[in-house]
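In what follows, a single structure is set out as structure tokens and then discussed.
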Amino acid sequence: MRAIAAGFYTLWNRYLYWIDIPELHVGDVVEIVIIAFVLYHFLVWIKSTRAWVLFKGLLVVLVFLLFAAIFQLNTIIWLAGRLASIAVIAFVIIFHPELRSALEQLGRKNFLSALFSVDFSKGTERFSEKTISELIKGCYEMGKVKTGALIVIERKVQLNEYIRTGISLDSLISSQLLINIFEHNTPLHDGAVIVRGDRIVSATCYLPLSDNMELSKDLGTRHRAAVGISEVSDSMTIVVSEETGAVSLAADGTLYRNVDADFLRSKLKFAAKMNGGTEPLMEKLRRRMKHAAKANKADHK
């Protein structure tokens with residue numbers, strides 16, 4: 001060990017002497033840990049709200065300003081400097097609902113329990129092929145009898161602020177359950193159902209209405225709500241018209257009207273594929289090693 005230490009010391013003095021390593025104290029380590037903890041939870045909070053979409057838009061603006069600085073676009077830089085003074089106020093106004101929600105959650109949480117409850121395997125829940133079939137079956141059966149329905153499928157952007165406006169269910173998805181929820185004159189038929197993974201998490205939820213003036217004037221509140229939620233998140237929303245029984249799909253601010261079952265299935269399969277899974281990293285590695293061992297065993301036979 002002494003020889004190794006001496007060799008490392010010699011290597012450092014001869015070749016790496018130019019590297020200036022600052023002296024690290026206990027307080028510096030504590031500061032790094034605190035900043036890393038706060039930054040991690042800030043990114044988790046951003047990722048789990050619609051603020052993530054706004055945050056990505058802000059990053060685009062910052063990249064554009066960096067481009068302007070590199071190529072010395074002086075007029076743009078001058079304008080950005082003048083607008084920087086109101087950027088903080090604009091940030092607070094734009095992110096006001098998310099900031100208020102975050103402060104409320106911080107007040108309700110136990111700080112010590114939150115400090116040691118970091119979950120690295122948390123992710124977006126993926127819905128299965130059976131869920132897709134049940135959604136399609138339920139929607140088109142409701143369409144036959146002209147039962148209106150509004151079903152929001154959560155993807156990567158979590159919809160907690162809209163889930164809280166409804167009644168919590170946490171039930172496995174089935175076509176019979178969906179039909180029963182949206183049946184006329186039942187307690188849960190008014191409002192939207194929000195789906196997370198293979199479960200209905202809430203019913204009678206309130207959704208934001210779209211202000212898009214290009215939408216057809218004959219569309220009612222249900223369709224405008226479907227487009228509205230797709231404008232502020234990456235969710236997909238299935239709408240069953242109460243007047244015509246037609247099934248429509250809203251995604252990315254676009255309404256696909258009167259779609260057939262094959263089109264709806266293809267869109268839902270694409271959404272399930274893009275969502276990914278919640279399988280932890282170690283479990284995924286274990287499964288892959290198991291499959292590799294089986295393949296190796298089959299090759300030796």
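Heavy atoms only: backbone and side chains are in, while hydrogens, waters and symmetry mates are out.
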When you group the ILVMFWY residues by side-chain heavy-atom contacts below 4.5 Å and let the links chain together, are Ile77 and Leu66 in the same group?
no
Full working for side-chain contact (heavy atoms from CB on, under 4.5 Å) between Arg155 and Met236:
CA-CA 8 Å; Arg155 297 179 66 190; Met236 283 187 173; 4.2 Å; yes
Short side-chain donor-acceptor distance under 3.5 Å, Glu134 and Ser174
no
Taking Thr165 for the side chain and Tyr206 for the main chain, is one N or O donor matched with an acceptor at less than 3.5 Å?
yes
Of all residues at least two apart in sequence or in a different chain, which pass the side chain to side chain contact (heavy atoms under 4.5 Å, CB included) check with Thr237?
Leu150, Val152, Ala226, Ile229, Ser235, Val239, Ala250
side-chain hydrogen bond (donor to acceptor under 3.5 Å, both in side chains), that's the test. Do Ser210 and Glu231 meet it? Break it down for me.
CA-CA 8 Å; Ser210 174; Glu231 291 174 340; 2.9 Å; yes
Test side chain to side chain contact (heavy atoms under 4.5 Å, CB included) applied to Val193 and Leu177, Leu169, Ile181, the passing residue
Ile181
Residue among Leu178, Val259, Leu249 satisfying side chain to side chain contact (heavy atoms under 4.5 Å, CB included) with Ile238:
Leu249
Distance (rounded to the nearest 0.5 Å) between Cys205 SG and Ile167 CD1
9.0 Å
Are Arg196 and Glu154 close enough for a salt bridge, meaning some N to O gap below 4.0 Å?
yes
Contacts of Ser133 that satisfy side chain to side chain contact (heavy atoms under 4.5 Å, CB included) - sequence neighbours left out
Glu129, Arg265
salt_bridge(Asp218, Arg257) N-O dist < 4.0 Å:
yes
Is there a side-chain contact between Ser241 and Lys146, using heavy atoms and a 4.5 Å cut-off?
no
Can Val227 and Arg224 be said to form a side-chain contact (heavy atoms from CB on, under 4.5 Å), step by step?
CA-CA 5 Å; Val227 177; Arg224 289 191 173 273; 5.8 Å; no
Can you hop from Leu172 to Val195 via hydrophobic side chains spaced under 4.5 Å?
no
Using side-chain contact (heavy atoms from CB on, under 4.5 Å), reason through Asp260 and Val247 one step at a time and then give a plain yes or no.
CA-CA 7 Å; Asp260 57 23; Val247 177; over 6 Å; no
Can you check side-chain contact (heavy atoms from CB on, under 4.5 Å) on Tyr140 and Leu264, steps first, answer last?
CA-CA 11 Å; Tyr140 284 95; Leu264 184 57; 3.9 Å; yes
Separation between CG (Leu255) and CG (Asp252), nearest 0.5 Å, reads 12.5 Å
Check: Thr186 side chain, Glu183 main-chain N or O, donor-acceptor pair, under 3.5 Å:
yes
Does one hydrophobic cluster hold both Ile35 and Val29, with members joined at side-chain heavy-atom distances below 4.5 Å?
no
One pair to check against side-chain hydrogen bond (donor to acceptor under 3.5 Å, both in side chains): Asp190 and Thr204. What are the steps and the verdict?
CA-CA 5 Å; Asp190 191 20; Thr204 69; over 6 Å; no
Could you tell me whether Phe263 and Tyr256 have their ring centroids closer than 6.0 angstrom?
yes
Among Ile, Leu, Val, Met, Phe, Trp and Tyr joined by side-chain contacts under 4.5 Å, find the other residues sharing a cluster with Val60 and list them by chain and number.
none
Leu219, Leu209: one ILVMFWY side-chain cluster at the under-4.5 Å cut-off?
no
Residues Asn258 and Ala246: closest non-hydrogen pair is OD1-CB, 3.6 Å
Aromatic plane relationship, Phe67 with Phe71 - under 30° parallel, 30 to 60° tilted, over 60° perpendicular
tilted
Straight-line distance of Glu141 CD to Ser175 OG, nearest 0.5 Å
5.5 Å
The reported gap from CG in Asn180 to CG in Leu188 (rounded to nearest 0.5 angstrom) is 8.5 Å
Please report the C-alpha distance between Lys156 and Asp234 in whole Å, then the side-chain angles of each, then the deciding distance to 0.1 Å, and finally whether the salt bridge (charged side-chain N to carboxylate O under 4.0 Å, His left out) criterion is met.
CA-CA 7 Å; Lys156 292 183 178 180; Asp234 62 348; over 6 Å; no
Distance-minimising heavy-atom pair for Phe182 and Met142:
CB-SD, 3.8 Å
Side-chain contact test, heavy atoms from C-beta onward, threshold under 4.5 Å: evaluate it for Ser233 versus Tyr162 and give yes or no.
no
To the nearest 0.5 Å, tell me how far Ile173 CD1 sits from Ile132 CD1.
10.0 Å
Charged N-O contact under 4.0 Å between Glu242 and Arg222:
yes
